[in-house]
Amino acid sequence: MYKTFYIKDVLQCREGSEVELIGWVRSKRRHGKLIFIDLRDSTGVMQVAVKQGIADESSFVKALEVGLESAIKVRGVVKRDPRAPEGVELHCNRLEILSESLDDFPIRKGVGLKFLLDNRHLHLRSPKVTTIMKIRANLMDIARRWLKENGFIEVNCPTFITAAVEGGATLFKVDYFGRVAYLTQSVQFYQEAAIYSLEKVYSLQPSFRAELSRTRRHLTEFWHLEVEMAYAELNDIMKVIEELIYAIVNGLSRESEKELRDLGRVVKPEIAEPPYPKIRYSEALDILQQKGVNISWGDDFGADEERILSKEFEKPFFVTHYPRETKAFYHMPDPGNPSVCLNADLLAPGGYGEIVGGGQRIHDYNLLVERIKENGLNVEDYKWYVDLRRYGSVPHSGFGLGIERMLWWLLQLPHIRSACLFPRTPTRVYP
RNA sequence: GCCGCCGUAGCUCAGUCUGGUAGAGCAGCGGGCUGUUAACCCGUUGGUCGGUGGUUCAAAUCCACCCGGCGGCGCCA
């Protein structure tokens, strides 16, 4: 390991101390006998001033000729200067090229969306993508910490599956040694099996949806934080969702404060402080009808409806008790009104829409079998899942949270794909 | 799957309606500049106009089909 000193460490150095930095040439401005190099590493950007007469002559020539994104090593003196971007710059004495760029770096100012996506492997080097990825890592870390502190055990579930959670139309089919298998779209069923030993579980792994969804909130591969909890009813799981979301927002506002500021975002814990408003489907319907939306009981909310609703709230809010026809078979019907189910969707405010979907599951064997048949599905396909209800079945609830959607909302990103390193959409599986 | 938009120089786009032999900015290259930070100034190279077929004396421009991409809907996290 020959790099132990980073750009962020320069900020701790006393003015006048001589340091050596390794990084990449992000940009360069030539002024004859003075050259500015913006040197980039994982911790930040440092302006390096290379002056003829101060730097040795061969270093000056190298600075003159070095291409963008070349890896270089510079030795110089730390100077405070209000004209430097971070208030600190390096006055170069010696510059060494570690690895020259073979061509002009393709990512420049003014390039378009398609070009950036086609060159995502290089676009990653931009400060904005770097910053988003740091926040993403913190988000996952904070979520894991909170779940662990609250007694949830992390489980890892299979990616290859045989039966769908939702139905079948949205699965990616793969050849499994001559048998048909699919890529998982949710690990919920496996977690429901796991609660009988671990009681409170979660997993953080990708889910796959083979939907030709062309919107700014859909990916074909996304990271899914799923939680399942034994002995939990609808209200219990909503409380977990609230507290988890709050922990994430609160944590990020502290631990990613600099990154959020760099993105121009102010994330205050108050925007996600529990309790969240909870409205039933029927109440949501009233709001929509008052707004003049032509919708009647039994219709599911579309994107337009979600957007209108979510503009009514300042905080994330739950919509519960959907008509059972609009939800998957495993949702628990409300014992007080079996035409609706005990589900809870969490919608982000400001038009961002659904970021969490969940609720209470059916734990009764006969009811589950009946609901599978009602949905025109084959009980045989769900044999092991139904089997769970035959041995000490208990009430339980869970939910799934889309990591990229959460970032999309918190960072107000233009598109959910900005929240991942190499986004996968119906038209993009490369690079 | 449905609806809409786009494809012209390495990149971002104008030119398409009203057909007449290809234009700008940036990048590159050459030169200049000791305080820039999307640096700037002068000069300059660069194009089978996404593909195929059709209409026409003549097609980047009009027509048909195809390919690729973007956005919206449905579906969802």
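These values consider heavy atoms only, across backbone and side chains, with no hydrogens, waters or symmetry-generated copies. Quick caveat, the model's predicted, so the values are computed rather than measured. Quick note on labels: first sequence line is chain A, next is B, and so on, each numbered from 1.
Remark: the Glu57(A) side chain and the Gln52(A) side chain contain an N/O donor-acceptor pair separated by less than 3.5 Å. Counted by atom type alone, Ser418(A) and His415(A) present zero donor-acceptor pairs between their side chains at under 3.5 Å. With hydrogens and angles left out, the side-chain atoms of Glu226(A) and Ser203(A) include no donor and acceptor closer than 3.5 Å. Between the side chains of His396(A) and Glu192(A), at least one donor N or O lies within less than 3.5 Å of an accepting N or O.
If you check every strand for non-hydrogen atoms under 4.0 Å, Arg217(A) touches a base. No contact: Ile403(A) has no heavy atom under 4.0 Å from any strand. Within 4.0 Å (heavy atoms only), Gly302(A) reaches sugar-phosphate atoms of the nucleic acid but no base atom.
In this structure, the CG atom of Asp300(A) is 10 Å from the C1' atom of C76(B), given to the nearest Å. Between Leu212(A) atom CG and C2(B) atom P the separation is 10 Å, expressed in whole Å. Rounded to whole angstrom, the span from the CD atom of Gln191(A) across to the P atom of A77(B) amounts to 14 Å. Taking atom CE on Met406(A) and atom P on C76(B), their separation rounds to 22 Å, with Å as the unit. Whole-Å rounding puts the Arg108(A) CZ to U37(B) C1' distance at 18 Å. Rounded to whole Å, the distance from CZ on Arg417(A) to C1' on C70(B) is 8 Å. As a whole-Å value, the separation of Leu68(A) CG from A38(B) P is 14 Å. As rounded to whole Å, 19 Å separates atom P of A77(B) from atom CG of Leu410(A).
Within the 4.0 Å cut-off from OP1 or OP2 of U34(B), not a single side-chain nitrogen or oxygen of Arg83(A) is found. Side-chain nitrogen and oxygen atoms of Arg30(A) include none within less than 4.0 Å of the OP1 or OP2 phosphate oxygen of A39(B). Taking 4.0 angstrom as the limit, His31(A) places none of its side-chain polar atoms (N or O) nearer than this to OP1 or OP2 of G32(B). Of the side-chain N and O atoms in Arg307(A), one or more sit less than 4.0 angstrom from OP1 or OP2 of C73(B). The side chain of Ser213(A) places no N or O atom within less than 4.0 Å of a non-bridging phosphate oxygen (OP1 or OP2) of C73(B).
Remark: ring of Phe222(A) stacked against base of A77(B); centroid gap under 5.5 Å, plane tilt under 30°.
Of the C1' atoms belonging to C67(B) and G74(B), the separation is 25 Å, rounded to the nearest Å.
Comparing C70(B), G35(B), U37(B) against the side chain of Asp81(A) picks out G35(B) as the nearest.
For the pair Lys278(A) and Phe318(A), the cation-pi test (distance below 6.0 Å, angle within 45°) is failed.
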